[in-house]
Undergrad: 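Here you go, one structure.
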2 protein chains.
Amino acid sequence: MKASISTAAIPPDDVPTARLGRDDWLDAAFETVAESGFDSVRVLTLAASLGVTRGSFYWHFTDHAELITALVERWRTREIETHQRALEANLLEPKADLERMLEAALAHAGTEIKYLRFELALRGLGRHNPEVAAILVEVDRMRMRLFESKFLRLTNDPKAAADLAALFYLAIVGGTHALARPANPERTKDYLQRIIGHYLISQQTS
Amino acid sequence: MKASISTAAIPPDDVPTARLGRDDWLDAAFETVAESGFDSVRVLTLAASLGVTRGSFYWHFTDHAELITALVERWRTREIETHQRALEANLLEPKADLERMLEAALAHAGTEIKYLRFELALRGLGRHNPEVAAILVEVDRMRMRLFESKFLRLTNDPKAAADLAALFYLAIVGGTHALARPANPERTKDYLQRIIGHYLISQQTS
DNA sequence: CAGTCTCCGTACACTAGTGTATCGTTTCCC
DNA sequence: GGGAAACGATACACTAGTGTACGGAGACTG
């Protein structure tokens, strides 16, 4: 709701007739992507939802294409930031940490689902856009390695940790695609934990 | 390549100036969906690729929307058919059967990838279209139950079979989304099999 | 071999959307 | 308080795409 300001000082902030910044357009685009996908991002519609005309848009952006690339790039940098924070939070107890991670990954409720839907749309875009695909590969690798680092602290077999991490990460991605709506997060978390338990036990006893 | 015929008798079949049937348009639409998604299905483009004008299209279909629904419906019926065939082939040895299934699920090569990409695009469409979403839920349930039936013949714990089936199905779906191109099918198959082995062993010894 | 049905081309009207140029307001800043 | 820069409205030209009406050519059928 708070309008982002670029160069202005002490803005009224909450006045409906505030000047728009680049981020405001990006936020509006983000919303429509999460709701209807990238192909539904129209300059005309965004302008209407922001209460201005397209004249504003073509001042902040040179092009429709630039809006898309800027949106993707912003997502990438933010994703890297959250990854860094997750890395720093990696020094806690392994098991509770993993459970918290599963919890977060399966929490399709509230505002989280918006980010999930954006990412799904982004994967759709990545299938036709090589640069977006490269970014997705980068982020996927990042996350899988994070998973791997967590599993590595529960077992002594590095290959097993990599396999489990890949399997679980892919299952989580698949879970966001295969079900239109969350379905049954509780039961899902349960069997993920059980399988982890089984696997680690079989590791330690072998 | 073979042109489908609806009412004509003994067509030349292979003559470039053959009359078009409904299925020809559906085939062309299928191709573009697999390549560029549903939003890229344009009547104009399809007509150009088929070497005719839009006059032909609006004889076979009333609407652009009808083309989409017909395409989705055709996919659904075909998916049900292949599922029936898979059910009938379920009476072989469980282990070899499961391996063959994994092989098929990970075979992103050749012409298979076209069907995969179509399904990915379909999942994207299902996020905005409730009827398509319902069809996807139906097919996903079908396949997961098939997975479950296979796992059930390897363990005596029905809940474990359901969990494993869901996990693996979701991982396979996720694998088609997370990677722009197949990546490493061989290694993937390897760790899937290893994890199955571990899990079933831990089941039998507990 | 004329009639009818099937299939497709042509021409038109219409909508939605982009991009550009230009002008009018604010807002900052000295 | 008066430029100057930031921001946005207006109007125009242009493209891509849908849907419709109608006409024409082949193919089948009696």
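In what follows, chains are A, B, ... by sequence order, proteins preceding strands, each numbered from 1.
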Undergrad: Applying side-chain contact (heavy atoms from CB on, under 4.5 Å) to A:L26 and A:E73, what does each step give before you reach the verdict?
TA: CA-CA 11 Å; A:L26 287 174; A:E73 195 53 39; over 6 Å; no

Undergrad: Provide, to the nearest angstrom, the distance between the CH2 atom belonging to B:W59 and the P atom belonging to D:dA21.
TA: 17 Å

Undergrad: Send over the distance from A:L20 CG to C:dT27 P, rounded to a whole Å.
TA: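 So the two atoms are 13 Å apart, to the nearest Å.
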
Undergrad: What is the distance from CG of A:L46 to C1' of C:dA16, rounded to the nearest Å?
TA: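 Checked: the CG to C1' distance equals 15 Å.
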
Undergrad: Output yes when at least one side-chain N/O atom of A:H60 is less than 4.0 Å from OP1 or OP2 of D:dA6, else no.
TA: no

Undergrad: Do any N or O atoms from the side chain of B:H177 and from the backbone of A:L170 form a donor-acceptor pair under 3.5 angstrom?
TA: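 Pair absent, no side-chain N/O of B:H177 close to backbone of A:L170.
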
Undergrad: Mapping B:F57 and A:D63 onto DNA chain C by nearest heavy atom, which one lands closer to the 5' end?
TA: B:F57

Undergrad: Given atom CZ of B:F38 and atom P of D:dG17, what is their separation to the nearest angstrom?
TA: 18 Å

Undergrad: Between B:T45 and A:V52, which residue's closest nucleotide on DNA chain D lies nearer the 5′ terminus?
TA: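 The answer here is A:V52.
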
Undergrad: Taking CH2 from A:W25 and P from D:dC7, how many angstroms apart are they, rounded to a whole number?
TA: 13 Å

Undergrad: Is there, by distance only and without an angle test, a donor paired with an acceptor across the side chain of A:R19 and the base of C:dT27 below 3.5 Å?
TA: no

Undergrad: From the options C:dC8, D:dG8, C:dT18, select the nucleotide whose nearest atom is closest to the side chain of A:V43.
TA: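 Nearest to the side chain of A:V43 among the choices is C:dT18.
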
Undergrad: Short question: side chain of B:S56, backbone of B:V52 - any donor-acceptor pair under 3.5 Å?
TA: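 It does not hold such a pair.
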
Undergrad: Find the distance A:Y58:OH to C:dT20:P and express it as a whole number of Å.
TA: 8 Å

Undergrad: Between the base of D:dG8 and the side chain of A:R54, is there a donor and acceptor pair under 3.5 angstrom?
TA: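 Checked by distance alone, the answer is no.
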
Undergrad: Hey, mind stepping through A:N129 and A:V72 against side-chain contact (heavy atoms from CB on, under 4.5 Å) and telling me if it holds?
TA: CA-CA 11 Å; A:N129 188 323; A:V72 173; over 6 Å; no

Undergrad: Could you tell me how far apart A:R42 (CZ) and D:dA16 (P) are, to the nearest whole angstrom?
TA: 15 Å

Undergrad: Could you work out which one of D:dG19, D:dG8, C:dG9 sits closest to the side chain of B:H64?
TA: D:dG19

Undergrad: Between the main-chain N or O of A:D24 and the side-chain N or O of A:H60, is there a donor-acceptor pair closer than 3.5 Å?
TA: no

Undergrad: Taking CZ from A:F61 and P from D:dC7, how many angstroms apart are they, rounded to a whole number?
TA: 12 Å

